[in-house]
Q: 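Okay, here's the structure, questions in a sec.
Each chain gets a letter, A, B and so on, in the order its sequence line appears, and its residues count up from 1.
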Amino acid sequence: MHVSFDLAAALDTALRTAAGTAGMDVTAFNPELRTADPRHGDFQANGVLSYAKARKLNPRAVAEQLVAALPASTQELCTAAIAGPGFINFTLTPAALLAWVQAQNSVEHLKAGAASLHHGQRYVVDFSSPNTAKQLHVGHVRGMVIGEAICRLLAFCGAEVIRDNHIGDWGTQFGKLIWGYKHLLDASALASDPLEELERLYKAADAATKADPATLDAVRAELVKLQAGDPENLALWHTIIALSAGAFTEIYRLLDIHFDHQLGESFYNDKLPQVYAELASAGLAEESQGALVVFHPEHPRFKTQPFIIRKSDGAANYASTDLATMLYRTEHFRADAIAVLTDARQADHFEQLALTTQKWFAKTGRQFPRFTHVSFGSILGEDGKAIKTRSGDPIKLKALLAEAADRAFILVTEKAPDLPEAERRDIASAVGLGAIRYADLAQNRSSDYVFSWDKILSFEGNTAPYLLYAVTRVRSIFRKAGLDPTDPTATAGATAPETPAELALARKLATFPVSLQLTTTQLRPHFLCTYLYELAGEFSSFYAAEKVIVDDPAIRARRLLLCARVLLILETGLHLLGLRTLARM
RNA sequence: GGACCCGUAGCUCAGCUGGAUAGAGCACUUGGCUUCGAACCAAGGGGUCGGGGGUUCGAAUCCCUCCGGGUCUACCA
């Protein structure tokens, strides 16, 4: 029996074909196929309801004609039943489930199946994008983690992904940094912890300008010299961004985060005049209060709220560089789609950016790529207020990650005291970092995130440790049986799933493609998290209900087959999310 | 003032272009390890989906309005 990777897509196609056979208006008919409540089946199609209503037809009669017209291959795959006012419920046959599970025998196979989702699409994904000379803190972790997961997911689903770290490496902070570097530098502190020292210099310089107007002038002079290309200041600027990049790289390595490019704001300096000129000649930009701005008359808000693309003093701001960045990504990278990850507070800016770019490109005959501002909620303290406004410094990411691993180590030691310490440290690292990462991914990104140690390191419910634990249990079965989960001989002769637990598990496996589709089209990793959590839950129930290593060779093989595929999909999914999986914990 | 986000069980959250009796976890009650890992599983109680209107075969989901919380709103990013 041939079964395709994406059964939902196959059923959707079959229904559209059947609609043609049954003489329905194919262009107007959307099957509205979705996963169903297990009480009703595996998938359901609701489309006949709206179709029949619009034509004043009896929906049940339409559903019956449609089901009768389904191709033979579909009838082999599943049973179709009409329920209620005209729902069509599809239940995959055990034979079809077996065929699907058997077919998905490697990561490569899953990837090949998923590739149809975004094949041929080139995405530029802009994420992390920290400011030079500022330490990464808890507020940065969400964008980093979500961005990395989105890149991996899109690439897995066939897209060509270009990862760009749009670092804030140019701007007014460099006046203070350079002045501070020249007058207040503690060389030994810089050697031991460069970012700590740069941050101290910035704060000290900032305080000095407030205390003494002469210092303020000196700071401004340093900035002017830098922008004029003064060799000494330019060299210092290079030094500072190199030190900063080194510190960032350390964290990126720890979190397994990668970039293809790190084109910071400074990269676009020489590309700004073209932006001003084109927007002016296109009639989009105008002078207002001395600044160059763009209004959008059709927009309820941006008709009066300007998009300031050049400041009244002639200097650039982030609208200027972001416009240049849009152009570069379109022309140089030839992006079909651009995704920028920042917190939701910048929503206005990116809406204005998208509107402006769309009009600009339309006027100049350029193709406007699909643009998505992948926004996410702020990190809040336990008091519900923005974490940055709490008294004292925000929690540094380095310290956060170290503490997560330390806390996980205590737990690992408690649960598995017999393992050697080196292995417990390694496990604690995977569990602790995974817990932080997963906590950021599992919640819908549009909501604010309340940071709490207890929540991040809670190892119960929909969390990293629960999923990692499920992986180790599957691995343990194979280890105890002396089998290799990737060896087809271990699962040869498997029969179709029979018991309720086997069937439920096989069905959950077969809806993996749906979770990929949802996750990558909406760029919301929590859909995949929810799926993996449900899969791990089905496995845990199965594991408690059925013994895998039994004497009957057919039953044993089919249960081992299910276990092998749970392992494959669980690990594939977790790796896409950026988690490291374990053999023991 | 205006725009956007959010409001679902005591707490933390899912709920996919409107679908069938709104779901998980934590906490609480109860049961399950001499048998593949109990960081687990099974069962139970707990809801006027912020309030009120509307749209329709059907609304947590869409529209209007009000309440409550948050963010943004001319030269920081």
Q: Determine the contact category for A:A319: base if any of its heavy atoms lies under 4.0 Å from a base atom, sugar-phosphate if only primed atoms, P, OP1 or OP2 are that close, otherwise nothing.
A: nothing
Q: Does A:L560 reach a base, just sugar-phosphate, or nothing at all? Heavy atoms under 4.0 Å.
A: nothing
Q: Under 4.0 Å between any heavy atoms, over every strand shown, what does A:Y466 touch: base, sugar-phosphate, or nothing? Just pick one.
A: sugar-phosphate
Q: Output the single nucleotide from B:A74, B:U17, B:A39 whose closest atom is nearest the side chain of A:R34.
A: B:U17
Q: With a 3.5 Å limit on both atom pairs, tell me what B:C4 is paired to, counting Watson-Crick and G-U wobble, or say none.
A: B:G70
Q: Would you mind classifying the nucleic acid contact of A:T35 as base, sugar-phosphate or nothing, using non-hydrogen atoms under 4.0 angstrom?
A: base
Q: Which of residues 284-294 of chain A have a heavy atom under 4.0 Å from RNA chain B?
A: A:S288, A:Q289, A:A291, A:V293
Q: When you check the phosphate oxygens OP1 and OP2 of B:A24, does a side-chain N or O of A:T530 lie under 4.0 Å from one of them?
A: no
Q: Searching all strands shown, indicate the nucleotide that pairs with B:A60 (Watson-Crick or G-U wobble; both distances under 3.5 Å).
A: none
Q: Under 5.5 Å centre to centre and under 30° between planes: does that hold for A:H349 and the six-membered base ring of B:A77?
A: no
Q: Mind checking A:D343 for me? I need base, sugar-phosphate or nothing, with any heavy atom below 4.0 Å counting as a touch.
A: nothing
Q: Do the ring planes of A:F539 and A:F542 sit parallel (below 30°), tilted (30 to 60°) or perpendicular (above 60°)?
A: tilted
Q: Using the six-membered ring for Trp and the full ring for Phe, Tyr or His, decide whether A:Y543 stacks on the six-membered base ring of B:C36 (centres under 5.5 Å, planes under 30°).
A: yes
Q: Select one nucleotide: of B:U71, B:A20, B:U35, the one nearest the side-chain heavy atoms of A:K547.
A: B:U35
Q: Looking across every strand, which nucleic acid part, if any, lies under 4.0 Å from A:Q517 by heavy atom: base, sugar-phosphate, or nothing?
A: nothing
Q: Give a yes/no answer on whether the side chain of A:Y469 brings an N or O atom under 4.0 Å of OP1 or OP2 in B:A39.
A: yes
Q: Work out how far the P atom of B:A39 is from that of B:U48, and round it to whole angstrom.
A: 37 Å
Q: Considering just the side-chain nitrogens and oxygens of A:Q305, establish if one lies under 4.0 Å of OP1 or OP2 belonging to B:U73.
A: no
Q: Counting only side-chain heavy atoms from C-beta out, which of B:A20, B:G2, B:G19 sits nearest to A:L49?
A: B:G19
